[in-house]
Amino acid sequence: MTTVIAPSRRGACPTLDTPMLTGDGLLARLRISGNRLSPEHLTLLANLALVHGNGLVEVSARGNLQVRGLSPSSAPLFEDAVSAIFDLETGLVIDISPLSGEDPMEKADSRPLAEAIRTGAMAMHGKLGPKVSVVVDSAGQISLASLKADIRLVALDAAHWAVHFGDGKPQVMDAEGAISATLAMLGALAAFGADARATDLFPVTNASPISTHHGAIPPLSKRPEEGGVTMQLTSGHTTAIALPFGQMHGEALIVLADGARTAGLGNIRLAPGNRLLFDGASPSLVAQAAALGFIVASDDARLRISACIGSDGCASGNIAARRLAELLASHVQPGTHLHVSGCAKGCAHPRATDVTLVGRADGIGLVINGRAGDTPSEILDEAGLIPAVAARQEAR
């Protein structure tokens with residue numbers, strides 16, 4: 001995987017509007033090969049974050065590691081140290097389930113397709129835009145439907161895949177056809193240039209679900225990500241422990257990693273939805289994680305909120321979004337999704353939510369059933385947030 005050092009604007013956004021140092025410093029993103037760590041590796045990374053950054057470590061919505069608060073002088077040192085410890089991926093972003101190949105509930109193993117696509121795309125290195133991505137979803141216990149993708153392959157059964165280009169209508173293909181079609185589409189995007197995206201070529205369609213002799217292609221199910229959920233493996237189990245709003249201080253991660261090592265655990269998986277999966281986790285380790293502030297229960301109110309770092313670490317932020325999210329968490333009812341955004345860019349959740357609070361120069365905008373960039377229905381101050389959130393939920 002690659003280590004991307006970029007000025008830290010808009011929290012953990014993958015691209016920046018202007019190449020300038022703002023907020024809490026430089027942001028490092030690590031794409032760990034295989035999305036797996038040992039407890040020792042997690043400890044080493046957290047220590048590097050403390051030494052070279054501000055100590056904050058994030059697990060992104062896609063399951064990548066991020067370290068905040070690096071300086072121009074410390075960033076090269078951090079990158080050298082990380083490169084010496086971890087096997088890092090480069091090139092095209094291809095997301096698969098961290099359980100693929102070990103998930104007894106998946107419909108197909110996504111790893112062979114992902115590897116074939118990765119190998120075939122090597123010739124396009126440097127020609128594809130940095131945001132171009134492919135999702136190969138095995139349709140198992142971990143849904144990848146919430147991840148944005150230019151090309152999405154979803155397993156229908158052991159031999160067939162629904163292939164989605166951009167937001168267009170999916171087509172059913174066998175594995176060989178899905179690989180060939182994906183590489184052809186990537187080749188077309190490379191030919192168009194680094195700014196080309198599949199959504200430009202295949203915009204949103206309102207077509208009804210497609211029925212084939214394999215049955216109807218199911219709609220993408222954007223299940224909420226959960227913490228504290230134990231999932232079965234072909235051998236054993238793994239338990240999800242989520243970082244609140246995707247972020248935790250390195251000191252807490254070191255304590256949790258020490259607990260995992262003491263318990264004899266050897267494998268930690270990076271998972272979508274800001275989660276770490278601990279293979280073989282015991283109830284005592286889960287309890288320790290809860291005491292440290294991690295999310296270990298599927299009904300934790302913090303899972304109903306998306307929040308960027310806001311003004312605490314972003315020059316564009318007008319409010320301390322994560323602090324406000326903590327304040328509001330207990331007031332968000334089940335079935336409601338709240339988005340707290342430091343600014344109108346809406347990096348933490350680009351899609352519409354039930355209630356969005358967005359930082360503005362003149363206060364906090366309230367958007368109902370919309371995005372952070374939409375026109376707010378009213379402008380609030382902090383004192384008005386809890387009543388407003390409560391009132392909007394009651395009106396649903």
Side-chain angles (χ1 to χ4, degrees), residues 6-18 20 22-24 27 56 58 60-62 66 68 131 146-148 199 204 222 224-225 242-247 273-274 295 300-396:
S8 180
R9 288 171 50 93
R10 303 191 296 167
C13 292
T15 59
L16 305 170
D17 291 334
T18 54
M20 58 185 293
T22 64
D24 60 351
L27 172 71
L56 294 178
E58 298 176 334
S60 73
R62 303 191 86 95
Q66 299 178 159
R68 304 191 68 92
K131 288 185 177 182
S146 63
L147 302 184
K148 295 177 68 174
T199 49
V204 175
K222 295 184 178 180
E225 307 297 355
L243 283 66
F245 314 118
Q247 180 179 282
N274 318 115
I295 296 175
D300 192 303
R302 291 171 292 179
L303 292 171
R304 303 169 200 150
I305 305 178
S306 299
C308 65
I309 196 167
S311 57
D312 286 336
C314 176
S316 298
N318 294 302
I319 55 174
R322 286 176 179 159
R323 179 178 62 81
L324 292 178
E326 287 278 4
L327 173 69
L328 294 167
S330 61
H331 301 277
V332 181
Q333 300 171 3
T336 298
H337 191 146
L338 170 65
H339 178 197
V340 185
S341 182
C343 71
K345 296 172 185 174
C347 299
H349 194 88
R351 298 180 300 279
T353 55
D354 300 310
V355 181
T356 297
L357 299 173
V358 54
R360 296 161 49 100
D362 58 349
I364 302 170
L366 174 66
V367 178
I368 305 302
N369 297 323
R371 298 172 172 83
D374 293 342
T375 301
S377 59
E378 58 183 301
I379 306 300
L380 308 168
D381 57 18
E382 286 196 24
L385 295 182
I386 292 175
V389 170
R392 293 300 176 177
Q393 292 176 112
E394 292 173 2
R396 291 180 65 211

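Everything numeric in this text was worked out from a predicted model, so none of it was measured. Heads up: numbering here begins at 1 and tracks the sequence.
- Judged by distance alone, the side chain of Gln393 and the main-chain N or O of His331 form a donor-acceptor pair under 3.5 Å.
- Two residues are said to be in side-chain contact when any heavy atoms from C-beta on lie closer than 4.5 Å; Ile305 and His339 fail this criterion.
- For the atom pair SG of Cys343 and CD1 of Ile319, the computed distance is 9.5 Å after rounding to the nearest 0.5 Å.
- When side chains are defined from C-beta on, Arg302 does not count as touching Arg322, because their heavy atoms never get closer than 4.5 Å.
- Closest heavy-atom contact between Val367 and Pro376: CG2-CA, 3.8 Å.
- At distances below 3.5 Å, at least one donor-acceptor pair connects side-chain atoms of Arg68 with backbone N or O atoms of Gly313.
- Shortest non-hydrogen contact noted between Leu385 and Leu328 is CB-CD2, 4.0 Å.
- A distance of 11.5 Å separates OG in Ser341 from CG in Leu324, rounded to the nearest 0.5 Å.
- Residues Ala301 and Ala329 come closest through the heavy atom pair CB-O, 3.1 Å.
- Considering only heavy atoms from C-beta on, Ile309 comes within 4.5 Å of Gln247 through its side chain.
- Distance check, rounded to the nearest 0.5 Å: NZ of Lys345 to SG of Cys308 gives 10.0 Å.
- Note that CD1 of Ile295 and CZ of Phe245 are 6.5 Å apart. Values are rounded to the nearest 0.5 Å.
- A side-chain N or O of His337 and one of Ser306 form a donor-acceptor pair less than 3.5 Å apart.
- Using a 4.5 Å heavy-atom cutoff, the side chains of Pro350 and Arg371 are not in contact.
- Residues Arg392 and Thr336 have side chains not in contact (no heavy-atom distance under 4.5 Å, counting atoms from C-beta outward).
- Contact annotation: the side chain of Arg304 never approaches that of Leu338 to less than 4.5 Å [non-hydrogen atoms, C-beta and beyond].
- With values rounded to the nearest 0.5 angstrom, Leu366 atom CG is found 12.0 Å from Asp374 atom CG.
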In sequence, state the C-alpha distance, the side-chain angles, and the governing distance for Arg360 and Glu378, and then conclude on salt bridge (Lys or Arg N to Asp or Glu O under 4.0 Å).
-> CA-CA 12 Å; Arg360 296 161 49 100; Glu378 58 183 301; over 6 Å; no
Could you go through the side chain to side chain contact (heavy atoms under 4.5 Å, CB included) check for Glu58 and Leu243 one step at a time?
-> CA-CA 8 Å; Glu58 298 176 334; Leu243 283 66; 5.7 Å; no
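- When all heavy atoms of Ser311 and Gly317 are compared, the pair lying nearest together is CB-O, 3.5 Å.
- Here the side chains of Ile379 and Ile364 are not in contact, with every heavy-atom distance at 4.5 Å or above.
- Panel note: side chain Thr356, backbone Gly370; a donor-acceptor pair is recorded below 3.5 Å.
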